[in-house]
Asks: 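Sharing a structure here in structure tokens format.
In what follows, chains are A, B, ... by sequence order, proteins preceding strands, each numbered from 1.
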2 protein chains.
Amino acid sequence: MSANSRLTVAVHVLTWMVLDRREGHEVATSERIAGSVNTNPVVIRRCLGDLRKAGLVEARRGTGAGWVVTRDPESITLLDVYEALDAGGLFGMHNAQPNQSCPVGSGIQPTLRQVYDGLEDAMRKQLAGTTIADVLRDVLARQRE
Amino acid sequence: MSANSRLTVAVHVLTWMVLDRREGHEVATSERIAGSVNTNPVVIRRCLGDLRKAGLVEARRGTGAGWVVTRDPESITLLDVYEALDAGGLFGMHNAQPNQSCPVGSGIQPTLRQVYDGLEDAMRKQLAGTTIADVLRDVLARQRE
DNA sequence: CTCCTTGTAACTCGTAAGGTTACGTCCCAC
DNA sequence: GTGGGACGTAACCTTACGAGTTACAAGGAG
């Protein structure tokens, strides 16, 4: 488990909720979602908590409580999901401050910051090109094969 | 320290070595490099070990031992460096296999694999657009400011 | 009031990176 | 052929974080 699966789980959750809604269910509970992702309901609730802060889902309480997707799946891009998870950047800087009396040590961080910003941009553009609706279509298409 | 700084350190090391060579030093020792990065020499040797496997640097032994960059800095792209570190992918799949009797659970992984491959490609193209020589130029330009 | 589910705290576990110490290995210089 | 400096790597510790789990307060429809 080197990389983290948070984006994978979040996309899975949203895709599942959209399909579940289409099949007539009013709300989705963290327990049922966990049954598809194959994990603990609390893990799902934590994930849904992030998505809720970003306004992608809403929680209902009381009897018949559960979660609903609040936006059109055609309008939810994977970039929206990625940003909802506020993951740290792809690459980090030095743990300790490099030697400031060395030309490289003192100048490398702004230079790399620029490079890493470019990477982040490229990745965001890619993520913005796919929506939850796209994912669901693709998943269902594979199902028919 | 959320993200890992391995790429940052590797680029720092190579850039420093190129500058050091220009200043007339035959070889660079892990101890001197560590002085610029501000870390332990063993951390640097581990990093250089990865770069050596990729053919970017070479180690000399015996008296006057140390490291030398073996390729023209104009030809070493950050993608070369990134690949030398064989870091895991950006995003990981589920830790446990999702529910295969669920349409989403059974189809989501190939779909996401495709998306993640696209991300990786975009990132690689960006990394390939910058060389160690570019980084050194940029670092030195900031120095003059 | 009752019951179901959310929302969150608190804990454990596994993994990975970074830092450190230690030591065997290599090979030039003398 | 021996000494010494630096590589190369094993071993261990610490820190960080995601994931999984248990437990429980809070909310609200019926």
Side-chain angles (χ1 to χ4, degrees), chain A residues 1-10 12-13 17 20 25-35 37-53 57-70 82 85-98, chain B residues 1-10 12-13 17 20 25-35 37-53 57-68 70 85-98:
Chain A
M1 192 221 324
S2 74
N4 62 329
S5 59
R6 287 173 62 201
L7 183 61
T8 295
V9 170
H12 186 150
V13 166
M17 288 174 77
D20 188 58
H25 295 93
E26 270 295 320
V27 298
T29 65
S30 59
E31 194 175 350
R32 283 200 303 133
I33 302 174
V37 179
N38 188 20
T39 183
N40 191 291
V42 174
V43 174
I44 300 298
R45 290 207 287 271
R46 281 202 284 243
C47 172
L48 284 165
D50 286 337
L51 300 178
R52 180 167 49 98
K53 282 173 202 152
V57 301
E58 225 175 63
R60 294 191 184 156
R61 310 201 53 164
T63 305
W67 303 83
V68 289
V69 177
T70 56
Y82 173 75
L85 305 180
D86 58 279
L90 301 176
F91 301 107
M93 286 298 164
H94 309 66
N95 290 342
Q97 191 186 41
Chain B
M1 190 221 324
S2 75
N4 61 329
S5 60
R6 287 173 62 200
L7 183 61
T8 294
V9 171
H12 185 149
V13 166
M17 288 174 77
D20 188 58
H25 295 92
E26 270 295 319
V27 299
T29 65
S30 58
E31 194 175 350
R32 284 200 302 133
I33 302 174
V37 179
N38 189 20
T39 183
N40 191 288
V42 175
V43 174
I44 300 298
R45 289 208 286 271
R46 282 201 282 242
C47 172
L48 284 165
D50 285 338
L51 300 178
R52 180 166 48 94
K53 283 173 202 153
V57 301
E58 223 174 65
R60 295 192 184 154
R61 310 202 56 164
T63 305
W67 302 82
V68 289
T70 56
L85 305 180
D86 59 279
L90 301 175
F91 300 107
M93 287 297 164
H94 309 69
N95 290 341
Q97 190 187 40

Asks: Answer yes or no: does a side-chain N or O of A:N4 lie under 4.0 Å from OP1 or OP2 of D:dG18?
Replies: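 No, because none of the side-chain N or O atoms of A:N4 sits under 4.0 Å from OP1 or OP2 of D:dG18.
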Asks: For the side chain of B:A59, counting heavy atoms from C-beta on, which of C:dG18, D:dT22, D:dG8 is nearest?
Replies: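 Selected nucleotide: D:dG8.
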Asks: Are any of A:R61's side-chain N or O atoms less than 4.0 Å away from OP1 or OP2 of C:dT5?
Replies: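 Answer no for this pair, as no side-chain N or O of A:R61 is under 4.0 Å from OP1 or OP2.
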Asks: If you compare all heavy atoms of A:C47 against all heavy atoms of A:V13, which two are closest, and at what distance to 0.1 Å?
Replies: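 Where A:C47 meets A:V13 most closely, the heavy atoms are SG-CG2, 4.5 Å.
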Asks: For A:D86, is there an ion pair with A:K53 - N to carboxylate O distance below 4.0 angstrom?
Replies: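 Salt bridge flag = no for A:D86 with A:K53.
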Asks: Between P on C:dT5 and NE2 on A:H25, what's the gap in Å once rounded to a whole number?
Replies: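 Whole-Å distance recorded here is 13 Å.
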Asks: Can you tell me the distance, in whole Å, between the CG atom of B:N40 and the C1' atom of C:dA17?
Replies: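 One finds 13 Å between C1' of C:dA17 and CG of B:N40, rounded.
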Asks: So if I take every side-chain heavy atom of A:V42 and compare against C:dT20, D:dA19, D:dT22, which nucleotide ends up nearest?
Replies: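 Nearest to the side-chain atoms of A:V42, counting from C-beta on, is D:dT22.
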Asks: Could a donor-acceptor pair under 3.5 angstrom be found where the side chain of A:R46 meets the base of D:dG20?
Replies: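 Such a pair exists between side chain and base.
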Asks: Would you indicate, yes or no, if C:dG18 has its OP1 or OP2 atom less than 4.0 angstrom from a side-chain nitrogen or oxygen of B:T39?
Replies: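 Answer is no, no contact under 4.0 Å.
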Asks: Does D:dG8 have OP1 or OP2 under 4.0 Å away from a side-chain N or O of B:R45?
Replies: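 Indeed not, no polar side-chain atom of B:R45 lies that close.
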Asks: In whole angstrom, give the distance that lies between atom CZ of A:F91 and atom P of C:dA17.
Replies: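 Those two atoms, CZ and P, are 13 Å apart.
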Asks: Is the shortest side-chain N/O distance from A:T29 to OP1 or OP2 of C:dC4 below 4.0 Å?
Replies: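 Result: no.
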Asks: Would you kindly compare A:R6 and A:A65 by the position of their nearest DNA chain D nucleotide and give the one closer to the 5′ end?
Replies: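 On the 5' side of the pair lies A:R6.
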Asks: Round to the nearest Å and state the distance from A:W67 atom CH2 to D:dG28 atom P.
Replies: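 Value for this atom pair: 14 Å.
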Asks: Using the closest heavy atom to pick a nucleotide of DNA chain D for each, name whichever of B:K53 or A:N38 lands nearer the 5' end.
Replies: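 Mapping each residue to its closest nucleotide by heavy atoms, the 5'-most match is B:K53.
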Asks: May I have the distance from B:E26 (atom CD) to C:dC28 (atom P), rounded to whole angstrom?
Replies: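 My rounded result for the distance is 14 Å.
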Asks: Record whether the side chain of B:T63 comes under 3.5 Å of the base of C:dA29 through a donor-acceptor pair of N or O atoms.
Replies: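 Looking at the base of C:dA29, it does not pair with any donor or acceptor on the side chain of B:T63 (distance under 3.5 Å).
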Asks: Using a heavy-atom cut-off of under 4.0 Å over every strand shown, decide if B:R52 touches base, sugar-phosphate, or nothing.
Replies: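 Sugar-phosphate, no base atom in range.
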Asks: To the nearest Å, how far apart are A:I44 CD1 and C:dT8 C1'?
Replies: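 Rounded to whole Å, this separation is 16 Å.
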Asks: Rounded to the nearest Å, what distance is computed from the CG atom of residue A:D50 to the C1' atom of nucleotide C:dG7?
Replies: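 The distance from CG of A:D50 to C1' of C:dG7 comes to 13 Å, rounded to the nearest Å.
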Asks: On the nucleotide D:dA6, are OP1 or OP2 found under 4.0 Å from the side-chain N or O atoms that B:S30 carries?
Replies: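 Indeed not, no polar side-chain atom of B:S30 lies that close.
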Asks: Answer yes or no: are there more than 12 heavy-atom neighbours, outside B:R60 itself, under 6.0 Å from its atom CZ?
Replies: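 Check fails, neighbour count at 12 or below.
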